[in-house]
Visitor: 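Here's a structure for you.
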Amino acid sequence: MDPRYTVRPARTTDVGAIQALVEPLVQRRILLGKERVVFYESVQEFRVVEDEAGRLIGCGALHVIWEDLGEVRTLAVADDWLHRGVGHAILDTIEHAARDLGLSRLFCLTFETDFFSRHGFEAIGEDIVTQEVYAELVRSQDEGVAEFLDLSRVKPNTLGNTRMLKHL
């Protein structure tokens with residue numbers, strides 16, 4: 001890892017900076033916008049990257065979907081830190097956390113297909129889970145799970161995104 005930045009678990013005091021980091025990507029329609037309360041509710045899922053000055057320059061979250069399946073969410077890097085290994089460091093940390101939880105697959109919904117492909121993710125279609133698991137997951141109120149299942153109610157928000165999966 002680059003000595004000019006550090007990856008660590010997010011704290012509640014990071015939520016404002018996470019939201020500020022994500023907002024430009026929301027404006028460019030790369031990421032979906034979230035209310036601040038949603039960031040607080042999921043702060044324990046986030047890893048953040050801070051530079052030597054303590055400025056938050058990247059973030060990403062791991063959300064468990066099922067026994068063996070997790071989702072990479074809200075992966076964002078400050079524009080002035082792009083192509084400097086920050087996204088890789090976040091994704092590597094998320095993958096380690098996923099393995100520690102016993103997950104064997106990671107899902108993402110992304111426009112950044114080249115980045116995720118370089119890290120072993122592949123585009124997927126349907127039939128990623130058994131019918132029994134699908135029947136359980138469809139009960140979830142979580143929008144990310146609906147995106148994973150490719151439900152029609154989330155399609156307006158996900159147009160152009162690619163559903164990708166990596167086996168750990």
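This one's a predicted model, so the numbers in the text were calculated from it and none came from an experiment.
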Visitor: Take F46 and V15, measure what side-chain contact (heavy atoms from CB on, under 4.5 Å) needs, and give me the verdict at the end.
Guide: CA-CA 10 Å; F46 274 86; V15 167; over 6 Å; no
Visitor: Below 3.5 Å, can you tabulate the donor-acceptor pairs from side chains in residues 111-123 to any protein atom, sequence neighbours excluded?
Guide:
from: S117; atom 1: OG; to: T113; atom 2: O; distance (Å): 2.8
from: H119; atom 1: ND1; to: F115; atom 2: O; distance (Å): 2.7
from: H119; atom 1: NE2; to: H88; atom 2: ND1; distance (Å): 2.9

Visitor: Which pair of heavy atoms, one from A76 and one from L21, lies closest together, and at what distance?
Guide: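 Answer, listing the atom of A76 first, then L21: O-CD2, 3.8 Å.
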Visitor: What distance separates C108 SG from R73 CZ, expressed to the nearest 0.5 Å?
Guide: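 Interatomic distance, C108 SG to R73 CZ, rounded to 0.5 Å: 12.0 Å.
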Visitor: State the CZ-CG distance between R99 and L168, to the nearest 0.5 angstrom.
Guide: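 Here the interatomic distance stands at 4.5 Å.
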Visitor: Give the cluster check for V38 versus I18: same hydrophobic cluster or not, with ILVMFWY residues linked at side-chain heavy-atom distances below 4.5 Å.
Guide: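 They do not share one cluster, since no chain of ILVMFWY contacts under 4.5 Å joins V38 to I18.
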Visitor: Could you give the distance from CZ (R28) to CG (D79), rounded to the nearest 0.5 Å?
Guide: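 Reported to 0.5 Å precision, the distance equals 4.5 Å.
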Visitor: side-chain contact (heavy atoms from CB on, under 4.5 Å), that's the test. Do R163 and N161 meet it? Break it down for me.
Guide: CA-CA 7 Å; R163 298 165 72 238; N161 280 322; over 6 Å; no
Visitor: Taking only residues at least two apart or on different chains, which pairs with a member in residues 7-23 satisfy side-chain hydrogen bond (donor to acceptor under 3.5 Å, both in side chains)?
Guide: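 Counting only pairs at least two positions apart or across chains, the side-chain hydrogen bond (donor to acceptor under 3.5 Å, both in side chains) contacts touching residues 7-23 are R8-D14, R8-E50, Q19-R36, E23-Q27.
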Visitor: So which atom in C59 and which in I90 form the shortest heavy-atom distance, rounded to 0.1 Å?
Guide: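 Smallest heavy-atom distance, with atoms named: N-CD1, 3.4 Å.
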Visitor: Do you know which two heavy atoms are closest between L75 and G87, and how far apart they sit?
Guide: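 Looks like CD1-O, 4.4 Å.
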Visitor: Considering residues at least two apart in sequence or located in another chain, which fulfil the salt bridge (Lys or Arg N to Asp or Glu O under 4.0 Å) criterion with R55?
Guide: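 For R55 the salt bridge (Lys or Arg N to Asp or Glu O under 4.0 Å) partners, ignoring immediate neighbours, are D51, D80.
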Visitor: Restricting to non-hydrogen atoms, name the atom on L106 and the atom on A98 that form the minimum distance, rounded to 0.1 Å.
Guide: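 Shortest heavy-atom separation between L106 and A98 comes out as CD2-CB, 4.0 Å.
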Visitor: I need the minimum non-hydrogen distance between R84 and Y5, along with the two atoms involved.
Guide: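 That would be O-OH, 3.3 Å.
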Visitor: Consider only side-chain N and O atoms of T74 and K34, and report whether a donor and an acceptor are under 3.5 Å apart.
Guide: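 Indeed, the side chains of T74 and K34 share at least one donor-acceptor pair under 3.5 Å.
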Visitor: Taking the side chain as every heavy atom from C-beta outward, state whether L62 and L101 have any pair of such atoms under 4.5 Å apart.
Guide: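 Answer yes - side chains close enough.
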Visitor: Could you tell me which non-hydrogen atom of L103 sits nearest to which non-hydrogen atom of L69, and how far apart they are?
Guide: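 That closest heavy-atom pairing would be CD2-N, 3.5 Å.
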